[in-house]
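Heads up, the thing below is written out as structure tokens.
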Amino acid sequence: MSTPEKHNFQAEIAQLLDIVIHSLYTDKEIFIRELISNAADATEKLRFLQAAGTPIFEPDRELKISVNTDDTAHTIAIADAGIGMTRDELVENLGTIAHSGSKAFLQQIKENAGNPNIIGQFGVGFYSAFMVATKVTVYTRSHQPEDTGWVWTSDGVSSYEIEAGVDLPRGTKIVISLKDDDKEYATASRVEGIIKQYSNFVGFPIELNGTAVNTINAIWTRSKSELTDSDYEEFYKFIGHDIDGPQYRFHFSADAPLAINALLFVPKRSLERPGMPKSELEVQLYCRRILIQSKAKGLLPEWLRFLKGVVDSEDLPLNISRETMQDSALLQKLNKVLTGRFLKFLDEEAKGDAEKYTTFFKEFGHFLKEGIVSDFAHRDALAKLLRYETSVAEAPCGLADYVSRLPEGQNEIYYLIGQNRGACLASPYYEGLKAKGFEALFLYDPWDEFVMDHLREFDGKKLVAAEKAEIALEAPESKLDEAAVRLLCNFIKETLGDKVDEVKPSTRLVDSPAAVVEGDAQMTSSMRRIMKSMNRDGENPFKHNLEINPNHPMLVGLDGAREARPAVSKQIAEQLYDNALISAGLMEDPQAMLKRINSLLEQLVTAEKSVGKKAKPSETAKPAATQGAKRSKGENAKGEKAPATPPK
Ligand code: ADP
Ligand code: MG
């Protein structure tokens with residue numbers, strides 16, 4: 001037997017060990033993660049060599065990781081059947097700073113001098129064992145058939161010893177003699193919790209004192225053909241803490257530009273509720289099956305925070321700091337690839353099963369809308385995923401469908417914001433489009449206003465609010481001449497005063513007597529409604545206009561009544577405006593309006609009564625109103641024409 005040979009650690013390692021040992025770092029338990037990670041790496045490498053046909057010592061040894069605790073001797077041992085280390089490799093790997101993780105760590109330490117917390121952001125790999133150890137012994141036997149075993153020992157101060165080991169099995173076993181303060185790591189229950197937390201998806205069996213602990217393995221690294229629906233479902237329920245299965249699953253692997261295995265799930269339901277804090281992205285980031293971060297912020301854009309799952313990239317350095325990682329170029333690259341692929345996946349799903357996609361969109365559409373508003377890079381891809389009802393389609397359809405149906409002469413995409421389908425169909429803003437045979441998107445979510453505002457166009461077609469659509473219907477034969485219309489507009493403007501900026505004749509109203517239209521090009525009624533609801537309207541400098549339909553019997557009647565019965569005409573002008581506000585969803589306090597309606601109704605019944613006996617001459621004098629009434633369609637006109645229309 002050889003005598004132990006003493007070596008001094010390279011200066012940098014000694015420095016590193018000094019920091020590790022004297023740190024006040026509380027999450028010491030990560031040393032288990034680090035050692036299991038190394039064991040898994042070594043096993044992974046062995047599997048690779050074996051697959052490549054390299055001759056291997058003890059080729060039949062099972063590829064598993066064994067953890068053993070001894071709470072009498074106060075030790076914990078972690079053993080693998082991986083590639084092991086030769087004597088030279090021991091010196092190189094455990095005695096010098098050749099490998100990247102620790103190098104980066106030291107670099108950080110230098111930049112953050114005097115900050116002991118820095119260690120918490122790092123896995124310092126093998127050396128983290130010295131946080132809890134009085135002594136670390138490494139028994140190792142290389143996979144190379146001609147080699148022999150070696151034993152490496154150190155107290156982590158300044159030196160280590162190497163001697164020959166006899167009859168060691170292939171692989172590496174690391175035995176840690178625990179400090180008095182850290183004896184908890186010799187307790188099976190404590191260690192089991194840690195292994196479960198960090199290493200549940202390590203691709204090799206992990207046994208603790210002879211019992212398997214990681215039941216679920218890294219299914220995202222397996223090929224799709226090997227996996228069943230229930231494999232996926234079980235895995236989702238486990239990582240998603242969900243009792244339901246997922247709505248969608250997206251399993252993909254790529255080699256370029258990055259090596260990625262990703263398994264992402266969309267839950268059936270969104271857990272985020274309005275008024276509640278935003279949920280956190282629950283996608284775990286792995287590097288070669290070792291968990292790096294369980295809620296990997298920055299891995300996906302915030303608007304994809306409803307996703308759950310696992311992303312594993314071999315290109316990530318395992319020992320990367322969480323803080324540096326968050327804005328690392330690598331993470332951004334991952335983010336870009338994953339987001340692009342996921343959006344493509346959704347697009348394909350939407351095309352493949354529209355109904356299923358509609359269900360998804362109902363639940364998660366607002367996240368996509370958030371993306372459109374906040375994430376310029378993905379705006380176009382997201383726009384394709386929007387689904388809306390339209391005047392033509394009762395089942396929600398995409399903007400591309402809408403565009404594919406564009407009739408000759410229509411070069412813009414029109415949208416209308418309303419409470420529901422009925423309200424949109426009845427909206428005065430829809431009348432002109434309908435008369436032209438143009439389709440309109442019906443948007444029932446007030447936030448769609450912002451979505452449209454950010455999108456501005458789709459497929460080269462401008463998105464235009466229906467109320468801003470420049471639609472000129474062929475003017476029907478006018479009931480009032482130009483001068484009369486001008487006087488009528490003046491009368492209404494005088495009556496309404498500051499409430500409106502301008503009163504002008506409309507070119508696109510068909511059934512409605514009037515509509516409010518925002519004067520500012522960027523503003524729409526629904527935008528104003530949102531601003532009102534956010535109490536931002538107080539100082540709103542934009543006034544709106546009232547557009548009137550001079551051919552509507554009510555307006556024709558009003559023209560006739562304006563001089564003869566100024567009091568009731570004023571009430572009618574005011575009611576005309578209020579009705580337009582209601583149509584636009586802008587009526588705030590209906591109390592004044594109710595008083596007015598009651599007064600109008602009162603006048604109506606009194607008039608009817610007196611007509612029954614003897615009609616007042618002034619009330620019957622104007623034939624214009626009756627003339628207009630012939631044109632009117634539906635109930636709409638009935639109620640409105642009453643005050644100004646004398647019975648025959
Ligand atoms: P890293 O894992 O980032 O390389 P570590 O400090 O964790 O850094 O490990 C240093 C090196 O020691 C590893 O790169 C590997 O070559 C070697 N090593 C550590 N543990 C094992 C093991 N269980 N089997 C074989 N080699 C190992
Ligand atoms: Mg390591």
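Order of listing sets the numbers, starting from 1, for every ligand and every atom in it.
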Between the candidates E92, K173, H143, M85, which shows the shortest non-hydrogen contact distance to atom 26 (N) of ligand 1?
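Going through E92, K173, H143, M85 one by one, M85 has the nearest heavy atom to atom 26 (N) of ligand 1.
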
When only distance counts, is [X] in polar contact with ligand 1, meaning an N/O pair under 3.5 Å?
X: T172; result: yes
X: N93; result: yes
X: F126; result: yes
X: D80; result: yes
X: N38; result: yes

Could you tell me whether [X] and [Y] make a salt bridge, using a distance below 4.0 angstrom between a side-chain N and a carboxylate O?
X: D80; Y: K173; value: no
X: E161; Y: K6; value: no
X: R305; Y: E282; value: no

Hey, does the Lys NZ or Arg CZ of R141 hover above the aromatic six-ring of F57, less than 6.0 Å from the centre and inside 45° of the axis?
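Yes, cation above the ring, under 6.0 Å and within 45°.
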
Cation-pi check, K308 onto F265 ring (under 6.0 Å, within 45° of axis):
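Negative - K308 is either too far from the ring of F265 or too far off its axis.
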
Hey, are the side chains of Y232 and P246 touching, using non-hydrogen atoms and a 4.5 Å cut-off?
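Y232 vs P246: side chains apart.
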
Near L94, which atoms of ligand 1 are under 4.0 Å from a heavy atom of that residue?
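By the 4.0 Å cutoff, the relevant atoms are 12 (O).
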
For a distance under 2.8 Å, tell me if S37 has an N/O/S atom near the Mg ion (ligand 2).
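No.
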
